[in-house]
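One structure below.
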Amino acid sequence: QQQLVESGGGLVQPGGSLRLSCTGSGFILDYYTIGWFRQAPGQEREGISCVSGSDSSTYYAESSKGRFTISRDYTNNAVHLQMNSLKPEDTAVYYCARRGYGSRCNRDDFSYGMDFWGKGTLVTVSS
């Protein structure tokens, strides 16, 4: 059974850092496009970063650019999201999702074509 499992969420103070992981089971992540998304209470889901399956090009939303870094971990079959300089407005449930083998991120809408989602991990940024 194929799964995406997010981990690494928790409570962090403003200015702190967290590393989220999206781990695949039942399939190899290497050549799939993987996106990170978040949804805060009462708000729409927001795409924050994406790494293409075809060439591992990376993309960021304006809200995450310069603070977040997406990376592949081939050893552990995972994609990480390193989040630095966290702000209270980063509080949300964070999800990862997959798009087809060999595909590319859609720069205008990271969620385009994503057809397989994890259940999410909660990040709370608060003092």
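- Val93 and Leu20 end up in different hydrophobic clusters when Ile, Leu, Val, Met, Phe, Trp and Tyr side chains are linked at under 4.5 Å.
- Formation of a donor-acceptor pair under 3.5 Å by the Asn77 side chain with backbone atoms of Leu29 is found in this model.
- Listed by first then second residue, pairs satisfying disulfide bond (SG atoms under 2.5 Å apart) with a partner in residues 49-81 read Cys50-Cys105, not counting sequence neighbours.
- Across all non-hydrogen atoms, the minimal contact from Ile34 to Met114 is C-CE, 4.1 Å.
- The hydrophobic cluster containing Val79 also contains Tyr101, counting ILVMFWY residues as joined when their side-chain heavy atoms lie under 4.5 angstrom apart, directly or transitively.
- For Thr33, the side-chain hydrogen bond (donor to acceptor under 3.5 Å, both in side chains) test picks out Ser103, with sequence neighbours left out.
- For Arg45, there are no salt bridge (charged side-chain N to carboxylate O under 4.0 Å, His left out) partners two or more places apart in sequence or in a different chain.
- Every ring pair (Phe, Tyr, Trp, His ring centres under 6.0 Å) that Phe27 has, sequence neighbours left out, goes to Tyr32.
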* **side chain to side chain contact (heavy atoms under 4.5 Å, CB included) between Ile70 and Gln82, worked out** => CA-CA 6 Å; Ile70 192 171; Gln82 177 67 41; over 6 Å; no
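- Among pairs with a residue in residues 72-89, none fulfils salt bridge (charged side-chain N to carboxylate O under 4.0 Å, His left out), at least two apart in sequence or across chains.
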* To do: Determine, stepwise, if the pair Leu4 / Phe116 fulfils side chain to side chain contact (heavy atoms under 4.5 Å, CB included).
  => CA-CA 8 Å; Leu4 286 172; Phe116 194 72; 3.8 Å; yes
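- To the nearest 0.5 angstrom, Arg99 atom CZ is 9.0 Å from Asp115 atom CG.
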Which donor-acceptor pairs under 3.5 Å do side chains of residues 5-18 form with protein atoms, sequence neighbours excluded?
residue: Glu6; atom: OE1; partner: Lys119; partner atom: N; Å: 3.1
residue: Glu6; atom: OE1; partner: Gly120; partner atom: N; Å: 2.8
residue: Glu6; atom: OE2; partner: Cys96; partner atom: N; Å: 2.9
residue: Glu6; atom: OE2; partner: Gly120; partner atom: N; Å: 3.3
residue: Ser17; atom: OG; partner: Asn84; partner atom: OD1; Å: 2.9

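- Every ring pair (Phe, Tyr, Trp, His ring centres under 6.0 Å) that Phe37 has, sequence neighbours left out, goes to Trp117.
- At least one side-chain heavy atom of Thr69 sits under 4.5 Å from a side-chain heavy atom of Tyr60.
- Taking the side-chain hydrogen bond (donor to acceptor under 3.5 Å, both in side chains) definition, one finds that Glu46 meets it with Arg38, Ser63, sequence neighbours left out.
- Tyr94 and Met83 get closest at one heavy-atom pair: CE2-SD, 3.7 Å.
- Annotation: side chain to side chain donor-acceptor pair (under 3.5 Å) contacts involving residues 19-28, sequence neighbours excluded, comprise Ser21-His80.
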* Asked: What's the verdict on side chain to side chain contact (heavy atoms under 4.5 Å, CB included) for Tyr95 and Trp36, showing C-alpha distance, side-chain angles and the deciding distance?
  -> CA-CA 6 Å; Tyr95 301 89; Trp36 278 100; 5.9 Å; no
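- The two atoms that bring Gly47 and Ala61 nearest to each other are O-CB, 3.3 Å, heavy atoms only.
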* Worked verdict on Leu86 versus Phe68 for side chain to side chain contact (heavy atoms under 4.5 Å, CB included) -> CA-CA 9 Å; Leu86 284 162; Phe68 295 1; 4.0 Å; yes
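- Residues passing the side-chain hydrogen bond (donor to acceptor under 3.5 Å, both in side chains) test with Gln1: none are found, sequence neighbours excluded.
- Taking all atoms of both residues into account, the shortest heavy-atom contact from Val51 to Thr58 is CG2-CG2, 4.0 Å.
- By the 6.0 Å contact criterion, OH on Tyr112 is open, its count of non-hydrogen atoms from other residues, nucleotides or ligands being 12 or less.
- Partners of Ser111 by side-chain hydrogen bond (donor to acceptor under 3.5 Å, both in side chains), not counting sequence neighbours, listed by chain and number: Asp109.
- Across all their heavy atoms, Ser49 and Leu81 have their closest contact at CB-CD1, 4.1 Å.
- Under the salt bridge (charged side-chain N to carboxylate O under 4.0 Å, His left out) criterion, the residue pairs touching residues 53-64 are Asp55-Arg104, Glu62-Lys65, with sequence neighbours excluded.
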